[in-house]
There are 2 protein chains.
Amino acid sequence: MASFPTPKPGDISDESPIERLLRRLNQRVVLDEADAAAIRALPVSVKQFEAGQYLVREGNQSRHAFFLLEGFVIRHKYVGVGGRQIIAIHMPGDFMDIQNVLLGHADHNVQALRAATVAAIEVEAMLDLAHDRPRIGLALWRESLIEASIYSEWIANIGRRDARSRIAHLLCELAVRREEAGLGSRDSFELPMTQEQIGDAQGLTAVHVNRTLKALQDESLIHRSKRAIQVANWEGLREVGDFTTGYLHLEALPLAA
Amino acid sequence: MASFPTPKPGDISDESPIERLLRRLNQRVVLDEADAAAIRALPVSVKQFEAGQYLVREGNQSRHAFFLLEGFVIRHKYVGVGGRQIIAIHMPGDFMDIQNVLLGHADHNVQALRAATVAAIEVEAMLDLAHDRPRIGLALWRESLIEASIYSEWIANIGRRDARSRIAHLLCELAVRREEAGLGSRDSFELPMTQEQIGDAQGLTAVHVNRTLKALQDESLIHRSKRAIQVANWEGLREVGDFTTGYLHLEALPLAA
DNA sequence: GGCGCGCTATTACATGGGTTAAATTCCGCG
DNA sequence: CGCGGAATTTAACCCATGTAATAGCGCGCC
């Protein structure tokens with residue numbers, strides 16, 4: 001697929017940060033050797049964040065785009081009364097806040113859910129790259145478009161599905177994205193969030209998330225022990241969550257190199 | 001600001017479709033004469049749609065990006081049970097479905113709310129333009145990022161605000177976007193949607209939208225007659241809706257031409 | 001100028017999910 | 001191993017919003 005050597009599949013974390021980043025972009029739009037060379041020349045600094053630590057705070061002018069290497073990171077907004085709303089959940093292999101490249105200020109917070117390792121790239125370097133290497137520009141644009149597509153599905157999820165569907169939908173999404181990112185099977189995984197955080201993501205309270213997870217378990221759609229989730233009946237869960245993968249745009253772009 | 005002659009301000013609809021489109025992009029990222037010439041060379045076809053007519057249906061492979069010239073257009077998804085969710089409301093001067101340029105299939109419907117005039121551009125032409133003229137690529141990317149930012153605010157609105165705040169927020173957003181688009185004052189405008197459609201946009205029922213609009217009127221925040229809305233107390237409405245303009249990213253990008 | 005239809009308005013009643021609070025389990029740390 | 005704080009679980013109660021039904025209104029159309 002790629003016109004430059006694909007890194008050995010299998011042990012992902014053996015790859016260098018920049019190779020993982022390159023692989024992700026190449027998955028969005030197929031790149032050529034010169035593009036790959038330009039990406040490999042990017043100045044990247046790898047940073048560690050502790051659980052709970054903020055990478056970016058709302059209103060700040062953020063100077064970096066991030067690529068998540070390990071751990072889980074959320075993006076959220078504080079809302080006048082009602083607490084906060086989580087607007088996105090990121091897992092290793094995701095870009096985060098590439099919008100900083102073209103938007104003047106962050107309109108939300110970015111926070112590590114647990115210890116996280118990220119690659120940080122200066123926005124100027126990113127901008128130059130997108131400008132000078134048009135296919136990389138397209139890949140970044142496409143990355144943003146897929147993220148927007150996920151947002152719009154969340155709007156539908158929160159706006160028009162009841163708690164049971166909503167949570168089933170979230171579990172399906174996390175499972176499929178995990179699997180796509182090569183982080184393991186969709187049938188068994190560890191929930192990276194507390195029930196309160198799930199509530200913040202789905203517009204529910206922690207109490208009701210608890211009730212709902214229990215209900216899904218009582219229906220034998222899932223099994224739980226601690227934070228470990230086993231999907232006992234994938235097709236049933238998918239149906240309850242009214243979940244389809246279309247909005248994740250997993251298919252490759254039919255666009256020749 | 002623009003390095004090519006800015007069209008006369010004032011009577012917007014006198015401008016040709018392509019000039020309006022150019023002006024919008026130039027507002028996102030400042031373009032040069034060569035960029036402007038490339039845009040002016042775009043093959044654009046102007047199309048009319050009747051109220052209720054679909055421009056794009058979910059699942060179809062859409063061959064066009066659109067630029068709205070007159071009327072109002074919504075994008076929405078059907079949800080398993082609970083009806084539909086409106087995910088975006090477009091007014092003249094908005095791009096619609098530029099994601100079709102880089103995503104294989106539409107994951108939502110696009111429908112005219114009332115009679116609408118749109119400029120349609122083939123996705124291939126758009127893609128070539130974004131690739132060959134990098135600053136135009138950046139402008140389109142930025143356009144998509146702002147749209148995504150609006151999505152994320154809607155997630156917060158629907159997820160964490162009660163009906164009163166939600167509807168106040170929507171009114172503020174529509175008012176400000178109207179004003180920014182040069183369509184009139186934020187203090188007095190016509191709601192382009194029925195109460196049922198407002199409900200579909202905010203995850204509420206038509207009945208409750210009606211109750212809530214009445215409540216806002218009883219508080220003297222707005223006045224209504226038919227679909228005409230007058231904002232009687234902008235600051236009050238803004239506060240109830242917990243509305244700020246940050247997420248609309250109205251400021252110009254600090255990026256030299 | 002009145003018929004029909006879609007939208008708005010309003011009421012009565014039902015319920016999903018919020019709130020509060022307290023008990024229980026989990027887990028990191030000394 | 002045992003302590004303390006955080007997360008989960010459960011229960012009782014309540015309210016914001018949904019549901020259903022019906023009436024009123026406005027406007028295009030014959």
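It should be emphasised that the depicted structure is a prediction, and the values quoted were computed from it without experimental measurement. Residue numbers start from 1 in every chain, and the chains themselves are labelled A, B, ... in the order their sequence lines are given, proteins ahead of strands.
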- Task: For the residue pair A/H169 and A/F243, categorise the inter-ring angle as parallel (less than 30°), tilted (30 to 60°) or perpendicular (more than 60°).
- Result: perpendicular
- Could you tell me whether A/E190 and A/K226 have a side-chain N and a carboxylate O separated by less than 4.0 Å? no
- Message: Within the 4.0 Å heavy-atom criterion, would you say B/R166 contacts the bases, only the backbone, or no part of the nucleic acid?
- Response: nothing
- Query: How close or far is atom P of D/dA7 from atom CZ of A/R114, stated in whole angstroms?
  - Reply: 12 Å
- Whole-Å distance separating the CZ atom of A/R224 from the P atom of C/dC26: 12 Å
- Message: Need one value for A/R164: base, sugar-phosphate or nothing, where a base atom within 4.0 Å counts as base even if backbone is also close, heavy atoms only.
- Response: nothing
- Do any of residues 203-217 of chain A sit with a heavy atom less than 4.0 Å from DNA chain D, and if so which? A/V207, A/N210, A/R211, A/K214
- Message: It should be established whether B/K226 places a side-chain nitrogen or oxygen under 4.0 Å from OP1 or OP2 of nucleotide D/dC27.
- Response: yes
- Do A/R75 side-chain atoms and A/I87 backbone N/O form a donor-acceptor pair below 3.5 Å? no
- Paired with A/D97, the side-chain hydrogen bond (donor to acceptor under 3.5 Å, both in side chains) test is passed by just one of A/H90, A/H64, A/H108, namely A/H108
- A/E196 atom CD: more than 12 heavy-atom contacts under 6.0 Å: no
- Query: Rounded to whole angstroms, how far apart are CD on B/E190 and C1' on C/dC7?
  - Reply: 14 Å
- Find the distance A/I158:CD1 to D/dT17:C1' and express it as a whole number of Å. 17 Å
- Message: What I want to find out is whether B/E153 reaches B/R161 closely enough, with some N-O distance under 4.0 Å, to be called a salt bridge.
- Response: yes
- Query: Hey, do the aromatic rings of B/Y54 and B/H76 have their centres closer than 6.0 Å?
  - Reply: yes
- Find the bend of the helix from C/dG1-D/dC30 to C/dG30-D/dC1 as the angle between its two terminal axes (five pairs each), to the nearest 10°. 50°
- Message: Are there over 12 heavy-atom neighbours, none belonging to A/E50, within less than 6.0 Å of that residue's CD?
- Response: no
- Nucleotide C/dG6, atom C1' - distance to CE of B/M193 in whole Å: 17 Å
- Query: When the distance from CD of A/Q202 to P of C/dG18 is rounded to whole Å, what number comes out?
  - Reply: 12 Å
- Message: Does C/dG18 have OP1 or OP2 under 4.0 Å away from a side-chain N or O of B/R160?
- Response: no
- Message: Whole angstroms only, please: what is the CZ-P distance between B/R227 and D/dC25?
- Response: 18 Å
- Provide, to the nearest angstrom, the distance between the CD1 atom belonging to B/I167 and the C1' atom belonging to D/dT17. 12 Å
- Measure from the side-chain N and O atoms of B/R227 to the backbone N and O of B/F189, and report whether any donor-acceptor pair falls under 3.5 Å. no
